[in-house]
Q: 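Pasting a structure below so you can have a look.
In what follows, chains are A, B, ... by sequence order, proteins preceding strands, each numbered from 1. Computed from heavy atoms alone, side chains included, the values below leave out hydrogens, waters and symmetry copies.
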Protein chains: 2
Amino acid sequence: MDVSPLTLNRLSIYLRCLRALQQDGIVSVSSKELAEKFHLSAAQIRKDLTHFGDFGIRGVGYEVETLVTKLTEVLGLDKKHRLAIVGMGSLGSAFARHVGNGGGPFSFAAGFDSDPAKIGREVAGVVVEPVEAIAETIPCRGIQIGILAVPPAVAQETYDRLMESGIRSVLNFAPARLRGHEGAHTRNVDLRIYLEELVFYLSRSDEDDDAS
Amino acid sequence: MDVSPLTLNRLSIYLRCLRALQQDGIVSVSSKELAEKFHLSAAQIRKDLTHFGDFGIRGVGYEVETLVTKLTEVLGLDKKHRLAIVGMGSLGSAFARHVGNGGGPFSFAAGFDSDPAKIGREVAGVVVEPVEAIAETIPCRGIQIGILAVPPAVAQETYDRLMESGIRSVLNFAPARLRGHEGAHTRNVDLRIYLEELVFYLSRSDEDDDAS
DNA sequence: AGATGTGAATGAGTTCACAGCT
DNA sequence: AGCTGTGAACTCATTCACATCT
């Protein structure tokens, strides 16, 4: 099966919207209702969903609970996923707390840093380890996802270290162009780029819409 | 002029790559060299750049310094931009420190929160104010960009408050579907969505490439 | 010769519009 | 009657390939 990141990201959005409806006790919803309520496109919702099966009932719509279950399964959120954060500066630590070890499908399982001042500290219930420990700790704790929150200058070497430890999914906050490893998935989140995008549009008060 | 966010984000990337070359004392570069060095597409670089003028020299390439200057100007990074963060939890505070007040084109100029425990605290050189102060503080300090780092439940009302204060560019970290204001630009950065994307690909060890 | 700038071709993603099911 | 699922039409984006300039 082949699915674009765009479709995938929308599935996450749909799931979140459906959970909100579930909270409100809504049992069934049509693509049109869903679209109107959350500023989405009805046709797109239907097309996205049919990539993964025929979840709807013609003439009626979608049963919220069924769809939540299906999407949770498709996205792999019915299992727990442990993640490691490399670079426990303010951003890394904030992300660690953000993820936490609560009820969600994600848990913060290891934090690494190269700064001796940070090593040994506890953040969100986890003791920060030196980056040298990556190779051992990551397979030991069954960690599958790595978060890069290191300075750009050491981003590539840190990425390579994660690859060596067996990690194949990386969320990269470092503003660096990584030479990606074969078979790995990397999602770059470059906050400066987003700010710069906003600045560009600042100087043009003629536009309107909003981007996702 | 009409330019897609995709193109725009790439301009930011190009600019960063060019700055790196500049550091290394490189004076001139061709689109091919730039592409190979940073895993970009040469044709795309050329097409993106020509949206904003003919910066290159046929047969030679681009003069690094000229291009840096031009891109900086196009992106509006030759001016300083003040930003306000609403929601000074761990994420908001981390972002505040991240931006800081240093040499870059961005400066953290105001922080707001509704939690009395956070109000009055100093973060990255700025005293946190109550959200009620948004309407007054934002125009006073000439702030043009707002960062939403509040819980999803209050995202919409906080967004609306920013709009009332005159803000027209928002970076939204809240996992919420905002009803956007006419004429405003909103960039959603939903960290959970990115994690969920990675999880999906975890279960499919047949893939290879990396997404930007 | 060699690299840009650019129309033309291809590909990806979205929207339309309707057949088919409940 | 109403909504899904889906091919076809369309729009947006990328890549190709080459004429054009230095």
Side-chain angles (χ1 to χ4, degrees), chain A residues 1-14 17-18 21 26-68 70-71 74 197 207-212, chain B residues 1-14 17-18 21 26-68 70-71 74 193 197 207 209-212:
Chain A
M1 199 199 316
D2 189 23
V3 52
S4 88
L6 292 172
T7 300
L8 206 49
N9 290 348
R10 282 194 300 266
L11 291 189
S12 292
I13 292 172
Y14 302 157
C17 295
L18 289 162
L21 295 180
I26 291 166
V27 167
S28 170
V29 72
S30 72
S31 58
K32 187 156 170 283
E33 286 165 344
L34 197 58
E36 278 168 6
K37 205 145 184 177
F38 297 98
H39 336 115
L40 303 161
S41 143
Q44 194 164 57
I45 291 171
R46 294 202 299 277
K47 186 141 269 182
D48 285 341
L49 291 178
T50 50
H51 272 111
F52 302 93
D54 294 2
F55 304 137
I57 305 151
R58 287 174 198 236
V60 180
Y62 300 88
E63 204 199 327
V64 176
E65 190 162 328
T66 312
L67 199 46
V68 165
K70 283 292 180 187
L71 286 182
V74 165
E197 179 186 327
E207 289 281 357
D208 44 80
D209 78 343
D210 58 335
S212 253
Chain B
M1 195 202 317
D2 191 23
V3 50
S4 86
L6 293 171
T7 301
L8 206 49
N9 290 347
R10 281 194 302 265
L11 290 189
S12 293
I13 291 171
Y14 302 157
C17 295
L18 289 162
L21 295 180
I26 292 165
V27 168
S28 169
V29 70
S30 72
S31 57
K32 187 156 169 283
E33 286 165 344
L34 196 59
E36 279 168 5
K37 205 145 183 176
F38 298 99
H39 336 114
L40 303 162
S41 144
Q44 194 164 58
I45 291 171
R46 294 202 298 279
K47 185 140 271 180
D48 285 342
L49 292 179
T50 50
H51 272 111
F52 302 94
D54 293 3
F55 305 137
I57 305 153
R58 287 173 199 237
V60 179
Y62 300 88
E63 205 199 327
V64 175
E65 191 163 327
T66 312
L67 199 47
V68 165
K70 283 292 180 187
L71 286 182
V74 164
I193 287 182
E197 180 186 327
E207 289 282 355
D209 78 345
D210 58 335
S212 253

Q: Using a 4.0 Å heavy-atom cut-off across all strands, classify Leu6(B) as base, sugar-phosphate, or nothing.
A: sugar-phosphate
Q: Leu67(A) versus Leu49(A): any side-chain heavy-atom pair under 4.5 Å?
A: yes
Q: Once rounded to the nearest 0.5 Å, what's the spacing between atom NE2 of His51(B) and atom OG of Ser4(B)?
A: 7.5 Å
Q: Under the side-chain hydrogen bond (donor to acceptor under 3.5 Å, both in side chains) test, which residues partner Thr66(B), sequence neighbours left out?
A: Glu63(B)
Q: Report, one pair per line, the protein and nucleotides 8-11 of chain D atoms (nitrogen or oxygen only) whose separation is under 3.5 Å.
A:
| unit_1 | atom_1 | unit_2 | atom_2 | d |
| --- | --- | --- | --- | --- |
| dA8(D) | N6 | Lys47(A) | NZ | 3.4 |

Q: Pick the closest DNA chain C nucleotide for Val60(A) and for Thr7(A) by heavy atoms, then say which residue is nearer the 5' end.
A: Thr7(A)
Q: Anything under 4.0 Å to a heavy atom of chain B counts; send over the first and last such nucleotide of DNA chain C, read 5' to 3'.
A: dG2(C) to dA8(C)
Q: In whole Å, what is the span from the CD atom of Gln44(B) to the C1' atom of dT14(D)?
A: 6 Å
Q: So, OP1 or OP2 of dT15(D): does either fall under 4.0 Å of a side-chain N or O from Ser41(B)?
A: yes
Q: What is the distance from NE2 of His51(A) to P of dG7(D), rounded to the nearest Å?
A: 12 Å
Q: Tell me: CZ of Phe55(A) to C1' of dT6(D), nearest whole Å?
A: 16 Å
Q: Mind checking what makes side-chain hydrogen bond (donor to acceptor under 3.5 Å, both in side chains) contact with Thr50(A), not counting sequence neighbours?
A: none
Q: Any side-chain heavy-atom pair from Ser31(B) and Tyr62(B) closer than 4.5 angstrom?
A: yes
Q: Could you state the interatomic distance from CD1 (Ile45(B)) to CZ (Phe38(B)), rounded to the nearest 0.5 Å?
A: 9.5 Å
Q: Between Arg46(B) (CZ) and dA13(D) (C1'), how many Å, whole number?
A: 16 Å
Q: Sort and list the pairs that fulfil salt bridge (Lys or Arg N to Asp or Glu O under 4.0 Å) and have at least one residue in residues 29-50 of chain B, not counting sequence neighbours.
A: Arg10(B)-Asp48(B), Lys32(B)-Glu36(B)
Q: For the helix from dA1(C)-dT22(D) to dT22(C)-dA1(D), figure out the bend between the end axes, five pairs an end, and round to 10 degrees.
A: 0°
Q: Using whole Å, what does the distance between atom P of nucleotide dA17(D) and atom NZ of Lys32(B) come to?
A: 16 Å
Q: Answer yes or no: is there a side-chain heavy-atom contact under 4.5 Å between Leu21(A) and Leu34(A)?
A: yes
Q: Do Phe52(A) and Leu71(A) make a side-chain contact, defined as non-hydrogen atoms from C-beta onward lying under 4.5 Å apart?
A: no
Q: Flag the pair Leu18(B) / Val64(B) as yes when at least one side-chain heavy-atom distance between them is below 4.5 Å, and no otherwise.
A: yes
Q: Atom CG of Asp48(B) and atom C1' of dA13(D): how far apart are they, to the nearest Å?
A: 10 Å
Q: Rounded to the nearest angstrom, tell me the gap between atom CG in Leu40(B) and atom C1' in dT15(D).
A: 15 Å
Q: Please classify the nucleic acid contact of Ser31(A) as base, sugar-phosphate, or nothing, using heavy-atom distances under 4.0 Å.
A: sugar-phosphate
Q: I want to check one thing: is the phosphate of dT14(D), taken as OP1 and OP2, less than 4.0 Å away from some side-chain N or O of Arg10(B)?
A: yes
Q: Check if the side chain of Arg58(B) and the base of dT22(D) share a donor-acceptor pair of N or O atoms closer than 3.5 Å.
A: no
Q: Is the shortest side-chain heavy-atom distance between Asn9(A) and Glu197(B) below 4.5 Å?
A: yes
Q: OP1 or OP2 of dG5(D) sitting under 4.0 Å from any side-chain N/O of Tyr62(A)?
A: yes
Q: Can you find a heavy atom in the side chain of Val60(A) that is under 4.5 Å from one in the side chain of Ser28(A)?
A: yes
